[in-house]
Peer 1: 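Sending over a structure as structure tokens; questions will come in a sec.
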Amino acid sequence: MAAVLRFNMRWILALVVACLLLSSMIFVRLRPAPPTPPLPVRDVPSYWPPPVENAVCRPKIYVYEAPSTFQVPKSVQQGRCHESNYNSEIILHDQLTDPNSVFHQLYVTKNPEEADFFFIPFFGACYLYHCWSQTNWRWDERCEVDSRYVDPMMDMVINQYPYWNATGGRTHIMTMPMDQTFTYYQSNERFQPAIFLKTVGDKRSKWMYRHRYHHDIVIPSATRIVHHLGIDPLRYLNDEGQPKVGKRDIFVLFHGCCDSVQVDDEYSNGIRSLFFNYFSHYPGYEIGQGLADVEYAEKLSRAKYGLAPMGWTLDTTRIWEFMAYGVVPVVIADGIIEPFEFDVDWDSFIVRVRRDEVHRLDEILRGIDDATYEYKRRRLWEHGRRVGLEKDAWHYIVRELCRMEHIDKPENLGLGY
């Protein structure tokens, strides 16, 4: 009997020890792990993206001046074309030619002999937009753009100056901010050697003939609310990018075309059909066709996320409205090339959703925790907004130009940020 008791006691003790070990292991597993500290700054030059003021090089740009005999009149540039989303061409040109502009002071030379690059003041989008406005918006109308504008411009550049022929046009810059880029012009072969600044960047093989890889630079688009009306975001937001009144109580915002889109339409690849037929009924979603400008600005200041789906092309001006107002863009455009991808960490301040995942949009966005959202919002406000036309676009364009010509002469631009 005593032997049996001793045997049972040993088993009981073993069982107690096992239970204690098991509970200690469970306790250790349940105990929260200590927070992981962030990595220290180690070697700044090895980090990406680089600060915009650390230039790859500081080239000199000579800006041609086209005579009034064929240049789009100033009254048209500042009138009808000022309202156009294609107005990047004039905004970028004016920044270079304004003596008070930091871009003029840093990059422009009046001496073409010392220039590394040559800017052609080609306002083809303005010419055509004005043409369409006077022909009842017939998009196939051209108003003799080749004979009256393209050819005189290229005759001037090629025949009156020696610089195009010196490099075969390789160091010349032209802005092509329209959806179909250079294909609007029958005489486009004349300016093909030039570098094109374009608002449409597309990785899809379907549009390879419109995007010349490693020869074009994708730039931001102009927008009505930011560049035409000039409604200052700081009218509604504080210096931290938060609403001065209230909070960002609109979970998802979209106002744009078109509520009649079907799932199998070419326009937007059917994406917008889900916005109007489904997501418009979701709580926290503000989906609509269009708004008065001041009302839209007020809603932008209250939105957390903004939907930026493709339309006829992958790019959309809407993304620049969102970024200006601190709204985290949700980009739905498979294959898009965003501006300045070599120097801008887009994924740090946008959300990408593929077309085959759009039906899960609400699940995806609500699955983003508060800390991740706030990181994106702050990155957008402090860094992402600087990509826009009215901010540092020329600094980023210049970085691309330096790479194209293999000019490696680093210089700090002393921008102070």
Side-chain angles (χ1 to χ4, degrees), residues 83-87 125 128-129 131-133 135-141 177-181 183-184 199-202 204 206-207 210 221-226 228-229 250-300 302-322 325 327-336 350-365:
E83 71 186 34
S84 168
N85 290 340
Y86 304 138
N87 203 36
L128 289 175
Y129 190 79
C131 161
W132 295 333
S133 72
T135 56
N136 199 28
W137 301 106
R138 286 171 43 202
W139 307 110
D140 59 346
E141 181 59 63
M178 304 176 79
D179 293 351
Q180 299 179 38
T181 62
T183 62
Y184 289 95
T199 55
V200 180
D202 198 325
R204 298 174 299 171
K206 177 181 180 180
W207 301 120
R210 290 185 187 171
S221 172
T223 73
R224 174 175 172 79
I225 197 166
V226 175
H228 175 53
L229 298 175
I250 298 174
F251 183 55
V252 176
L253 178 68
F254 175 82
H255 275 271
C257 186
C258 302
D259 61 357
S260 61
V261 168
Q262 302 300 307
V263 293
D264 56 354
D265 281 354
E266 179 184 1
Y267 181 75
S268 85
N269 271 346
I271 292 167
R272 300 185 190 211
S273 67
L274 299 188
F275 294 2
F276 291 101
N277 295 325
Y278 295 92
F279 295 124
S280 60
H281 305 297
Y282 281 36
Y285 282 64
E286 174 78 34
I287 307 290
Q289 274 278 80
L291 280 175
D293 298 304
V294 173
E295 184 182 358
Y296 183 48
E298 189 271 336
K299 288 186 182 293
L300 284 169
R302 293 170 46 207
K304 289 185 67 174
Y305 295 102
L307 301 181
M310 64 173 291
W312 288 116
T313 60
L314 296 183
D315 68 302
T316 168
T317 61
R318 201 161 285 100
I319 192 172
W320 304 104
E321 298 167 345
F322 294 150
Y325 281 77
V327 182
V328 174
V330 181
V331 178
I332 311 171
D334 301 350
I336 191 171
I350 69 172
V351 176
R352 296 185 193 270
V353 177
R354 290 187 56 83
R355 181 184 183 272
D356 59 7
E357 291 276 82
V358 177
H359 62 286
R360 295 184 53 241
L361 176 68
D362 189 62
E363 176 188 347
I364 292 170
L365 294 182

Peer 1: Using the ring centroid of each side chain, check whether Trp139 and Tyr184 are separated by less than 6.0 Å.
Peer 2: no
Peer 1: For Cys257, does its backbone N or O pair with a side-chain atom of Arg272 as donor and acceptor, under 3.5 Å?
Peer 2: yes
Peer 1: How close do Ile336 and Arg352 get, counting heavy atoms only, and between which atoms?
Peer 2: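 Minimum heavy-atom separation between Ile336 and Arg352: CG2-NH1, 4.1 Å.
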Peer 1: Going by the side chain to side chain contact (heavy atoms under 4.5 Å, CB included) test, name the single residue among Tyr305, Tyr285, Phe275 that passes it with Phe254.
Peer 2: Phe275
Peer 1: Do Ile319 and Glu321 make a side-chain contact, defined as non-hydrogen atoms from C-beta onward lying under 4.5 Å apart?
Peer 2: no
Peer 1: Side-chain contact test, heavy atoms from C-beta onward, threshold under 4.5 Å: evaluate it for Cys131 versus Glu141 and give yes or no.
Peer 2: yes
Peer 1: How about Leu365 and Val351: do any of their side-chain heavy atoms sit closer than 4.5 Å?
Peer 2: yes
Peer 1: If every non-hydrogen atom of Ala303 is compared with every non-hydrogen atom of Val327, which pair is closest and at what distance?
Peer 2: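 Minimum heavy-atom contact is O-CG2, 3.8 Å.
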Peer 1: What I'd like to find out is whether the side chain of Asp293 reaches to under 4.5 Å of the side chain of Arg224, using heavy atoms alone.
Peer 2: yes
Peer 1: State, yes or no, whether a side-chain contact exists between Leu361 and Val330 at a heavy-atom distance under 4.5 Å.
Peer 2: yes
Peer 1: Is it the case that the side chain of Ser268 and the backbone of Gly311 share a donor-acceptor pair, with hydrogens and angles ignored and the cut-off at 3.5 Å?
Peer 2: no
Peer 1: Using every non-hydrogen atom in the two residues, find where Phe322 and Leu307 come nearest and quote the distance to one decimal.
Peer 2: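 Where Phe322 meets Leu307 most closely, the heavy atoms are CE1-O, 3.2 Å.
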Peer 1: Please evaluate residues Trp320 and Val226 with respect to the criterion side-chain contact (heavy atoms from CB on, under 4.5 Å), reporting the C-alpha separation (whole Å), side-chain torsions for both, the decisive distance (0.1 Å), and the verdict.
Peer 2: CA-CA 8 Å; Trp320 304 104; Val226 175; over 6 Å; no
Peer 1: Would you call the rings of Tyr282 and Phe279 parallel, tilted or perpendicular if under 30° counts as parallel and over 60° as perpendicular?
Peer 2: perpendicular
Peer 1: Just wondering, more than 12 heavy atoms not from Tyr278 lying within 6.0 Å of its OH?
Peer 2: no
Peer 1: Specify the closest pair of heavy atoms between Ala125 and Tyr86, including all atoms of both residues, with the distance to one decimal.
Peer 2: CB-CB, 3.7 Å
Peer 1: Looking at Thr317 and Ser221, what are the two nearest heavy atoms and their distance?
Peer 2: CG2-OG, 2.9 Å
Peer 1: What's the shortest heavy-atom distance between Ala308 and Thr316, and which atoms?
Peer 2: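 Taking every non-hydrogen atom into account, CB-CG2, 3.8 Å.
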Peer 1: Taking the side chain as everything from C-beta on, heavy atoms only, tell me whether Leu314 gets closer than 4.5 Å to Val200.
Peer 2: no
Peer 1: Measuring only between side-chain heavy atoms, which start at C-beta, is Trp207 closer than 4.5 Å to Thr313?
Peer 2: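 Contact flag for Trp207/Thr313 side chains = no.
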Peer 1: Please report the C-alpha distance between Tyr296 and His255 in whole Å, then the side-chain angles of each, then the deciding distance to 0.1 Å, and finally whether the side-chain contact (heavy atoms from CB on, under 4.5 Å) criterion is met.
Peer 2: CA-CA 8 Å; Tyr296 183 48; His255 275 271; 4.2 Å; yes
Peer 1: Atom SG in Cys258, atom CG in Asp265: separation rounded to 0.5 Å?
Peer 2: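 It comes to 9.5 Å.
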Peer 1: Would you say Asn269's side chain and Ile271's backbone share a donor-acceptor pair under 3.5 angstrom?
Peer 2: no
Peer 1: Can you tell me if Asn277 uses its side chain to pair, donor with acceptor, with the backbone of Ser273 under 3.5 Å?
Peer 2: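 Yes, Asn277 side chain to Ser273 backbone: donor-acceptor pair under 3.5 Å.
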Peer 1: Does the side-chain contact (heavy atoms from CB on, under 4.5 Å) test come out yes or no for Ile250 and Lys304, once each step is laid out?
Peer 2: CA-CA 6 Å; Ile250 298 174; Lys304 289 185 67 174; over 6 Å; no
Peer 1: Distance-only, no hydrogens or angles: does the Arg355 side chain make a donor-acceptor pair with backbone N or O of Ile332 under 3.5 Å?
Peer 2: no
Peer 1: Charged N to carboxylate O under 4.0 angstrom, Arg354 versus Asp334?
Peer 2: yes
Peer 1: Whether the side chain of Asn87 engages the backbone of Ser84 through a donor-acceptor N/O pair (distance < 3.5 Å, no angle test) should be reported.
Peer 2: no
Peer 1: Rounded to the nearest 0.5 Å, what's the gap from CZ on Arg360 to CD on Glu357? Could you check?
Peer 2: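 Here the rounded value is 4.5 Å.
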Peer 1: Strictly distance-based, threshold 3.5 Å: is any side-chain N or O of Glu286 a donor or acceptor partner for the main-chain N or O of Gly284?
Peer 2: no
Peer 1: Side-chain contact, heavy-atom cut-off 4.5 Å: Leu128 with Met178?
Peer 2: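 The answer is yes; the side chains approach within 4.5 Å.
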Peer 1: Can Tyr129 and Trp137 be said to form a ring pair (Phe, Tyr, Trp, His ring centres under 6.0 Å), step by step?
Peer 2: CA-CA 8 Å; Tyr129 190 79; Trp137 301 106; 5.2 Å; yes
Peer 1: How many angstroms lie between atom CG of Asp362 and atom CG of Leu274, to the nearest 0.5 angstrom?
Peer 2: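 CG of Leu274 is found 12.5 Å from CG of Asp362.
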Peer 1: Between Ser280 and Gly288 (side chain of the first, backbone of the second, donor and acceptor by atom type, cut-off under 3.5 Å), is there such a pair?
Peer 2: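 No, Ser280 side chain to Gly288 backbone: no donor-acceptor pair under 3.5 Å.
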